[in-house]
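So the structure is just underneath, and the comments pick up after that.
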Amino acid sequence: MDFIVQLAIYSAIASIAAVSLNYVVGFTGIMSISHASFYGIGAYGTALLLTKTGLSFVPALLLGVLITGLVAAFASVPILRLREDSLMLVSVGFALIIHSLMLNWQSLTNGPRGVKSIPRPEIFGISLTDKNFYLVLCLVLLVLTIIIFYKITKSPYGTVIKGIRENEEVMKNYGYNVSKYKHSVFVLGAIFAGLAGGLFASYIQYISPESFILLPSVFMLIMVILGGMGSIGGSIIGAILITVIPELMRFAGLPSSFAAESNQIVYGIILFALMYWRPQGLFGKYKI
Amino acid sequence: MNKQKHILLATMLTVVVALVLGGCSTKVANLSQEKIKLGYVGPLTGDLASIGNDEKRAIQLALTASGRTDIEVIFEDSHCNGQAGSNAAQKLVNVDQVQLIMGAGCSDATLAMLPIIQQGQVVLFSSLSTSPELTKVGGEYFFRNAPSDDKATEVLAKLIKNKKIALVSENNDFGQAFLNDLKVKLAEFDTTPVADEIFNTGTTDYKTILQKVKESKAEVLAVISNSPVSNGLVIKQAKELGLEMAYYGTDSIAGSEFSDTAQDAAEGVYAILVAANTADDRVNKLLQLYENTYLEGPASDAYTVLSYDRMNIVLKAIDAVGYDAEAIRNYLHTINYDGLAGYTSFDENGDSSILPLVLRFEDGELVPVQQ
Amino acid sequence: MFQVLVNGIIVGGIYALITIGFNLIYSAVRFYHLAYGAVGILGAYLTYQIQKFIFETQGGGLITGFLFGLLISSIVTGMLGILIWKFLYRPLRKNGASNVSMIVASFGLLIILQNLIGLIFGQSAKTIRLSEVTTQGYEFLSASITKNQILILIVTLVSVFVFELFLHRTKIGTAIRAVGQNSQLAAVVGVKTEKVIYITFFIASFLSVLASSLIALEISLKPTYGLMLILKVIVASIIGGIGSMRGALVGGLMLGVAENFGAYYFGSQWQDTVAFGLLVIFLLVRPQGLFKK
């Protein structure tokens with residue numbers, strides 16, 4: 001039924017974002033909290049191109065993704081100079097700055113009023129307004145994402161990155177340009193986040209800066225941590241759980257006077273419990 | 001590997017079981033009781049939570065007062081967020097099979113819900129959305145008794161034209177849409193504001209903004225924000241800084257959250273309000289009932305009244321034409337309801353006929369002002 | 001112009017006051033206790049509740065109610081601080097959690113506390129006041145400052161002074177720093193590490209209630225304030241140097257002043273950009289902050 005299809009679409013989109021974040025955070029060890037910003041830039045890029053120019057879906061999405069990649073390349077320079085908690089903090093700072101730009105660069109983004117009436121895709125003349133077709137589109141792209149990241153992690157390139165995760169200094173001694181590898185990981189991750197964002201924009205048909213503040217980045221991180229750092233399948237499970245569980249809670253029949261807060265408390269408890277009992281997440285190979 | 005496979009299976013199983021159970025339980029509920037199910041989607045958590053809760057309570061008060069036991073309202077939280085709002089709407093339309101949803105509040109949620117209610121052919125009735133843009137994009141299933149800010153800006157512009165005006169607005173959909181509309185209307189009176197400051201949602205310190213207002217030598221300060229606390233803090237801090245000017249606010253001025261925050265600084269403040277006409281005895285009775293039932297006053301009187309009216313309008317519609325979205329939709333275009341917010345009728349865009357009033361704080365009470 | 005500076009100092013004082021306790025905890029346990037802001041706000045809500053009780057049912061004055069509420073809730077929250085360490089953070093540490101893990105766990109705790117506050121006290125803003133009348137501030141060199149704001153600044157300055165001395169001149173203070181730098185070594189030398197950490201959490205949580213209650217006099221109380229405050233505190237402590245008392249003061253003041261000048265020249269909507277721009281700049285250029293620890 002439609003409700004399940006919609007949840008499936010959101011889950012698929014979240015999965016693309018989570019798998020790409022897993023690549024950056026879980027696999028490579030770069031603790032970035034700015035992933036939702038790239039998701040947002042992809043969303044805005046696609047949305048603005050779809051509504052303000054005559055571009056159709058596929059070129060708009062690709063351009064949106066390209067723009068995200070460029071911003072990520074630019075942002076990665078300062079962000080990747082740091083490690084661990086400092087990196088986390090700087091990525092938070094970056095995320096909040098991007099949010100501020102989305103909110104205040106009114107001539108570009110229409111500010112808090114957001115971008116309305118984003119059209120659903122039309123690919124090769126077929127209109128994809130129907131939810132079921134859109135789900136197929138998302139699933140196809142998700143499978144593509146999984147294949148790409150799987151291949152990368154199993155390749156020699158992936159082995160180098162695993163080495164960087166374990167011990168950067170040693171890799172440097174071996175002569176690897178660690179910095180270049182980290183930059184490429186960061187940008188690739190951001191590109192797929194942008195892809196997810198573009199899909200989101202066209203589905204929900206209205207975006208505003210509100211959708212992309214700090215909390216979505218935290219949710220994405222929770223998805224990856226929950227699912228398991230370094231595990232592609234785990235990230236997908238994490239994405240599905242985090243997308244679907246709050247909606248399932250609607251059926252739990254909690255009196256609405258505290259259902260909303262209880263929902264959030266459950267998140268807090270999940271985070272805490274994960275850190276205590278299973279910091280590597282459900283299927284993870286690496287601990288935080 | 002075995003352990004992981006077990007976890008995987010367990011998780012998938014949980015998700016599937018929960019979904020099925022969820023679907024089942026509502027279907028069973030539908031069969032066993034003949035209750036009419038209405039939906040509500042609103043900001044029960046997040047920035048507008050205090051107002052969302054007001055709306056919910058008003059609906060409950062109206063339902064209790066009507067004595068109807070065959071009507072059930074399913075309350076869903078929009079989290080003031082597009083994705084959650086769209087899921088809430090989808091669930092109500094698909095799973096609970098409602099014909100009418102009361103909501104939403106935050107524009108993110110409302111706008112994300114529009115495609116869903118249009119496709120599902122379900123009526124969406126808002127008591128909180130005032131953005132002028134909804135007139136155009138709302139669609140044929142969208143109605144609101146909260147008046148478009150179009151009307152409020154007109155009233156305000158007429159009041160403050162040809163004076164030195166300082167505008168302080170919140171950086172959200174409400175604030176910016178209102179601000180731009182107001183500036184357009186002021187321009188028609190050849191009035192340009194001398195100060196135009198924008199603050200982000202959740203700001204608590206307005207002193208530097210007020211300093212700029214002071215330096216602009218404005219005689220009038222209009223605060224455009226849908227947060228009662230922000231309104232209150234601006235006015236309180238203005239008084240602490242010794243600013244002498246006429247203050248104008250919008251509908252979040254009426255309510256205990258504003259009064260508590262601003263305290264006596266609220267004296268003399270004008271409000272362009274859409275409801276809560278305290279000259280109407282019925283309004284006072286409702287506000288008193290709210291306070292007796294919930295042991296605190298509403299955060300926003302205006303939206304409480306509008307939401308209360310809304311529930312009653314919906315009840316009237318169901319009684320007149322039955323619980324069917326098409327019938328209700330057509331019916332709503334014909335009514336002229338004598339509500340606590342005034343006579344309510346809807347134009348072809350679903351906008352209501354309610355006009356904002358001008359009120360002023362005198363001795364701690366908001367009283368209507370003769371125009 | 002001068003008013004803008006004064007505004008920055010006032011708000012900076014508020015930030016600094018909360019940053020002091022945050023830095024104190026960092027000195028002892030070496031991780032970011034993100035839930036700290038929410039703990040303080042929870043305590044302030046308690047102050048509000050007690051003051052309300054005394055004022056409305058016991059016929060006490062607003063000020064007596066406030067002071068009484070402040071005292072009780074500070075002690076209660078201080079105890080809560082100890083409980084948080086003992087039953088929530090310490091088990092994590094014992095399990096070998098990394099610093100990043102602790103941040104994530106602390107964030108989970110923040111979400112829990114914030115929503116508990118919403119559940120217990122409701123989402124509407126609660127106001128604490130000391131008098132029934134809003135008074136205009138004192139005029140001083142063309143700038144205006146209210147009694148409450150002066151009080152906050154005084155409390156901040158005194159606290160910085162007191163805690164600076166405490167950390168560097170008393171036995172316990174030295175013990176705290178020792179535990180922070182190397183808890184195993186400290187234990188070997190005979191420092192009762194557990195007791196030291198309990199004391200730290202108690203004092204810091206106690207202080208957070210004092211700070212939050214004073215702040216509530218200015219801006220009322222909402223469940224979301226815990227998060228809002230801690231974000232500013234993080235920026236202030238990065239600027240000033242994490243773990244340093246002087247750093248808390250300077251960091252807080254710098255942040256407050258930068259925000260206000262940013263608001264004045266660029267518009268208030270850019271205020272957050274200024275704050276987080278500063279964070280990014282400091283992290284890149286001088287991550288240890290102005291005062292090394």
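From a predicted model like this one, the values you see are computed outputs, not experimental measurements. We name chains A, B, ... by the order of the sequence lines, and we start the count at 1 in each one.
- Both the backbone and the side chain of A88(B) come within contact range of chain A, each with at least one heavy atom under 4.5 Å from a heavy atom of that chain.
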Open item on the list: For a side-chain contact (heavy atoms from CB on, under 4.5 Å) check, start with the C-alpha distance between I204(A) and M113(B), then their side-chain angles and the critical distance, and finish with the verdict.
Closed with: CA-CA 8 Å; I204(A) 203 171; M113(B) 284 166 66; over 6 Å; no
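- Separating the CD1 atom in I116(B) from the CG atom in D2(A) is a distance of 9.0 Å, to the nearest 0.5 Å.
- When the ring pair (Phe, Tyr, Trp, His ring centres under 6.0 Å) test is applied to Y294(B), the partners found at least two apart in sequence or on another chain are Y290(B).
- At a cut-off of 3.5 Å, with distance as the only test, no side-chain donor of K91(B) or Q6(A) sits close to an acceptor on the other residue.
- Atoms NZ and CG, from K116(A) and L114(B) in turn, are 10.0 Å apart once rounded to the nearest 0.5 Å.
- Residue T110(B) holds its OG1 atom at 8.5 Å from OH of Y206(A), rounded to the nearest 0.5 Å.
- With chain A as partner, the option from C106(B), C80(B), G120(B), P115(B) having the largest number of non-hydrogen pairs under 4.5 angstrom is P115(B).
- Rounded to the nearest 0.5 Å, atoms CG (N200(B)) and CG (N104(A)) are 6.0 Å apart.
- Both the backbone and the side chain of A84(B) have a heavy atom closer than 4.5 Å to some heavy atom of chain A.
- Here the CZ-OG distance, from R113(A) to S131(B), works out to 7.0 Å after rounding to the nearest 0.5 Å.
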Task: Full working for side-chain contact (heavy atoms from CB on, under 4.5 Å) between Q119(B) and K131(A) - done: CA-CA 11 Å; Q119(B) 196 185 40; K131(A) 279 194 180 52; 2.9 Å; yes
- [ ] Report the C-alpha separation of S211(A) and D108(B) in whole Å, then their side-chain angles, then the decisive distance to 0.1 Å, and conclude whether the side-chain contact (heavy atoms from CB on, under 4.5 Å) test is met.
- [x] CA-CA 8 Å; S211(A) 322; D108(B) 235 38; 3.3 Å; yes
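- S86(B) and Y203(A) share no side-chain donor-acceptor pair at under 3.5 Å.
- In this structure, I9(A) CD1 and Q83(B) CD are separated by 11.0 Å, a value rounded to the nearest 0.5 Å.
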